[in-house]
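Proteins come first, then strands; the chains are lettered A, B, ... in the order of their sequence lines, and each starts at number 1.
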Amino acid sequence: MTLSKNFEHQINENKWYSHWLDKQYFKSTPDERTPYTIVMPPPNVTGVLHMGHCLNNTIQDILIRQARMKGFNACWVPGTDHASIATEAKVVAMLRERGIAKSSLSREEFLSYAWEWKEKYGGIILQQLKKLGCSLDWDRTTFTMDKDYYDSVINIFMDLYKKGVIYRGKRMINWDVKALTALSDEEVIRKETRQKLYHLNYAIEGTNDFITIATVRPETIMGDTAICVHPDDERYKHLHGKFAIVPLINRRIPIIADDYVAMDFGTGALKVTPAHDVNDYALGQKHQLEVVDVFNDNGTLSEDAQIYVGLDRFDVRKKIAIELEEKGYLIKTEEYTSEVGYSERTDVVVEPRLSMQWWLSMKDISSPALKSVMEEEIKFYPPKFKNVYRHWMENIKDWCVSRQLWWGHRIPAWYHESGKFVVAKNEKDAIALFETEHNISNAVLKQDEDCLDTWFSSWLWPFEVFKGYSNPNNADINYYYTTNTLVTAPEIIFFWVARMIMAGYEYMDVKPFQEVYFTGIVRDKQGRKMSKSLGNSPDLLELIDQYGADAARFGIMISSPAGNDILFDEAALEQGRNFNNKIWNALKLIKMWEARQTHEHNNENEFAINWFENRLSEVSIEVEQMMQQFKLSEALKTIYTLIWDDFCSWYLEWVKPGYEQPIQANVYNKTIEFFTELMQLLHPFMPFISEEIYHQLTERTDDLCVRLYAEKKSPNQTQLDQGLLLKQVISGIRDIRNKQQMKPKDSIKLFIQTENSVVFESLNSILSKQVNAEEISFASDTVPNSFTTVIGKDKFYILTEQPIDLSTQKSALEKELNHLKSFLMSVEKKLSNEKFTQNAKQEILDLEYKKKADAEMKINIIELSLKDMAG
RNA sequence: GGGAGUUUAGCUCAGUUGGUUUAGAGCAUCUGCCUUACAAGCAGAGGGUCACAGGUUCGACUCCUGUAACUCCCA
């Protein structure tokens with residue numbers, strides 16, 4: 001069978017992924033092996049694969065595949081999150097396109113549309129992960145609104161309510177006027193926004209005097225219930241206790257003093273609007289101010305505003321500014337930039353708003369979770385996130401868990417017309433409970449219309465995917481939990497990671513995972529975050545189509561240093577594709593040898609084989625260490641160099657027979673063995689091409705995907721050093737050939753002046769092949785009319801037929817000589833420093849003496865050569 | 001305003017407890033090669049006062065202080 005010109009990724013990806021599935025390699029059930037478990041951060045059920053997922057899931061697949069090949073029972077659990085706000089928004093948009101308004105539907109009708117939509121489009125992302133090669137146990141796919149999962153969420157809500165940590169309360173929340181729901185602080189994105197600062201005059205009651213306040217929100221003045229100044233502010237001391245009149249609506253409001261006010265900001269006088277600003281609300285509570293809410297749910301002005309009723313808040317801002325100006329209240333405006341909160345989901349300006357919501361008190365539940373990370377019971381990589389985590393946990397605020405949505409887990413609270421309520425699983429339980437608690441019979445109860453925050457379900461993920469709460473102590477949860485590694489983006493450290501740790505301790509009594517690896521954020525070449533609005537997010541599936549899944553995995557991993565953001569550049573995928581091509585060509589070369597084996601034996605290739613064997617051990621050990629420290633990018637880089645440079649550029653060239661010449665069978669077999677091991681090292685990173693090569697190399701009954709790694713012996717350092725020396729000698733001589741513009745076909749005669757001729761004897765056959773030397777011999781003295789180079793302690797003379805122009809070589813040697821001389825000087829200076837010789841450790845001293853001796857010797861050799869040239 | 005982090009070659013990054021031949025890699029660049037595995041390639045080369053200023057030390061990319069720029073998080 002002839003091999004294709006290049007690796008055909010599309011065919012191979014389909015072939016191998018379905019083969020792996022057929023063989024059930026990704027399926028895990030508890031057995032006598034040690035488990036290695038990862039739960040995948042569930043993407044939104046509405047999601048499509050983007051670069052962030054690609055990075056995240058490639059990392060997880062690398063860890064899982066490596067664990068599998070190390071003999072662990074590897075289990076990687078997939079799933080999706082119902083993503084209440086995002087999904088509901090999509091369904092609402094879909095209905096709008098069909099001409100259906102959400103408000104015209106009942107809850108049940110809406111939910112049936114939502115489920116229909118979910119069944120049709122949900123989980124596309126899981127199919128896309130298969131394209132990437134992810135080795136997930138698909139039988140374990142979980143959705144956060146699966147029956148059992150749903151029940152667990154509700155039961156946990158009830159449990160926390162019983163424990164007294166869930167409560168109902170009117171608090172200032174972030175209101176999304178588009179999605180018509182409360183948002184948690186973490187769902188609000190602050191952005192620098194250019195605004196106008198309006199200076200407005202409020203009349204002082206009973207005088208002709210005015211007080212000037214500065215505000216960016218003139219549309220809220222109808223909600224003003226006080227003006228506040230700093231108690232020490234001389235400008236306003238005479239106004240303490242007086243009243244001001246709100247323009248346009250003529251409300252009488254007190255002028256109060258509080259040191260909260262910054263004297264140097266604006267005019268030093270602050271209008272207080274308790275219903276529409278968090279700080280004003282706190283101030284209002286302190287001074288017992290009235291609360292006037294001038295907005296409706298959707299951001300239009302309410303009846304209480306008295307004017308502009310029904311108009312949108314931003315329209316009113318413009319209109320009221322004009323009216324205020326016309327009536328003489330507006331005295332000036334200035335440009336002002338400040339941070340404004342936007343909804344993460346809908347990107348509208350968030351409105352602070354007083355509202356009745358459900359809250360989870362965080363103080364007690366968070367303390368074991370803080371301790372666990374601080375004491376490295378759970379380890380964070382990179383560790384810098386420990387600080388971030390601590391800071392948040394120590395200043396934690398109560399969690400608003402209710403959302404004004406229909407898609408999600410409906411809050412199990414039941415209300416009576418009297419306003420009394422109970423928390424219960426269903427209507428029947430609720431009525432029974434209500435009757436005993438409140439002694440009212442035949443009560444008619446209505447369930448809370450709201451849903452729980454999405455994260456209130458995802459915080460159970462690590463144990464509920466194994467039904468650890470719904471079916472306690474089952475075989476799976478006992479075997480797989482605590483999971484091993486959580487791989488996630490730092491953006492959701494508070495949303496998700498912290499809360500999973502809390503839930504783990506609260507409900508399983510143990511931590512949910514051993515360690516958390518935080519990936520970087522994927523940015524574009526210019527360092528901008530990838531986003532739909534910028535249009536800088538490439539279509540991953542198209543990239544996979546074009547370059548192949550292995551190349552995509554390579555590209556994203558090679559540019560992903562541990563703990564840093566990654567700047568994504570398509571060039572990295574190209575590099576990955578080129579790497580595929582390189583590997584494929586090495587296969588083609590070796591396949592050409594297959595039919596040309598001979599059993600005649602000689603020792604010519606012994607050195608190459610020994611050296612590569614040691615090099616392979618050395619790198620395998622290095623890679624293992626890097627993996628343990630999550631230096632995945634470095635590990636891949638190391639394997640890349642091993643394959644491309646050591647294997648292809650050196651080893652294969654060293655053992656390669658001449659054109660159409662035979663190859664010794666033992667060399668051929670060793671080469672197949674090496675290539676196999678290289679593919680095994682590479683497999684977690686690039687699963688498809690490695691599996692294909694594994695099967696191309698020789699007839700196999702097993703698959704690389706599940707082949708166990710062999711133990712590696714520690715390498716022989718002498719062998720490695722000799723290999724390094726050989727490479728340096730070859731490069732050095734090639735450099736001279738290059739500089740003298742010799743053609744590859746021009747052969748040379750090589751003379752080596754060395755004290756170590758035994759070593760070179762074993763290297764000679766390779767050396768002559770690699771530098772095209774027709775003859776290699778040893779010299780005890782300088783060789784006239786030759787080009788010279790010094791490598792280590794040895795001197796090499798190159799004789800050619802070409803006319804010799806020594807000028808380039810002379811200047812090169814002089815440059816080298818200068819460098820060595822200044823180096824020597826610095827060493828000597830150090831050694832003549834008594835303080836150094838007294839204080840430095842002996843091994844450092846010895847090293848310095850060695851440096852000195854080596855430098856002196858090299859200087860000597862070079863000076864001799866230069867003298868010869870002159871002569 | 002508070003906190004955390006970053007600053008090393010044109011770009012992206014390594015650099016372990018201060019001493020390892022006066023800083024390493026990949027990409028990009030330059031030179032020469034279409035050499036029967038590979039031009040998506042081969043063989044070489046060039047390129048850095050380690051942000052700046054002080055300090056500690058026999059010795060600082062590495063430790064300390066300050067300055068500047070950038071990034072992120074929280075108000």
Revision key, fill the gap. Under a 4.0 Å heavy-atom criterion, the protein footprint on nucleotides 4-10 of chain B, written with B, S and -, is S------
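- Ring centroid separation for the pair A/Y668 and A/W593 does not come in under the 6.0 Å cut-off.
- Using a 4.0 Å cut-off, some side-chain N or O of A/H819 falls inside it from OP1 or OP2 of B/rU22.
- One C1' atom belongs to B/rG24, the other to B/rG46, and the distance between them is 16 Å to the nearest Å.
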Exercise for review: Between protein and nucleotides 38-49 of chain B, map the contacts as a letter string: B base, S sugar-phosphate only, - none, heavy atoms under 4.0 Å, written 5' to 3'.
Suggested key: B-BSSBSS----
May I have the list of side-chain donor-acceptor pairs in residues 832-839 of chain A shorter than 3.5 Å, sequence neighbours left out?
from: A/S832; atom 1: OG; to: A/E828; atom 2: O; distance (Å): 3.2
from: A/S832; atom 1: OG; to: A/K829; atom 2: O; distance (Å): 3.0
from: A/N833; atom 1: OD1; to: A/K835; atom 2: N; distance (Å): 2.9
from: A/N833; atom 1: OD1; to: A/F836; atom 2: N; distance (Å): 3.4
from: A/T837; atom 1: OG1; to: A/N833; atom 2: O; distance (Å): 3.4
from: A/T837; atom 1: OG1; to: A/E834; atom 2: O; distance (Å): 2.9
from: A/N839; atom 1: ND2; to: A/K835; atom 2: O; distance (Å): 3.0

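- In this structure, A/E848 atom CD and B/rU20 atom C1' are separated by 9 Å, rounded to whole Å.
- For the pair A/I558 CD1 and B/rG26 P, the interatomic distance rounds to 10 Å; values are reported in whole Å.
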Between protein and nucleic acid, restricted to nucleotides 55-62 of chain B and to nitrogen or oxygen atoms under 3.5 Å apart, what atom pairs and distances do you find?
from: B/rC58; atom 1: O2'; to: A/N833; atom 2: ND2; distance (Å): 2.7

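- Across all strands shown, A/I844 has heavy atoms under 4.0 Å from base atoms, whether or not it also approaches the sugar-phosphate.
- With sequence neighbours left out, the side-chain contact (heavy atoms from CB on, under 4.5 Å) criterion links A/A498 to A/Y389, A/W392, A/M393, A/M502.
- Counting only heavy atoms from C-beta on, A/R523 has its side chain closest to B/rC72 among B/rA14, B/rC72, B/rA75.
- Looking at the side chain of A/D854, the nearest of the listed nucleotides B/rU21, B/rG26, B/rU22 is B/rU21.
- Contact annotation: A/K397 reaches the phosphate of B/rA75 (side-chain N/O to OP1 or OP2, under 4.0 Å).
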**Study point:** Watson-Crick and G-U pairing of RNA chain B written in dot-bracket, each distance under 3.5 angstrom, with | for inter-strand partners
**Key:** (((((((..((((.....[....)))).(((((.......))))).....(((((..]....)))))))))))).
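- Side-chain proximity of A/F494 to B/rC73, B/rU35, B/rU36: nearest is B/rC73.
- A close approach under 4.0 Å does not occur between any side-chain nitrogen or oxygen of A/Y659 and OP1 or OP2 of B/rA37.
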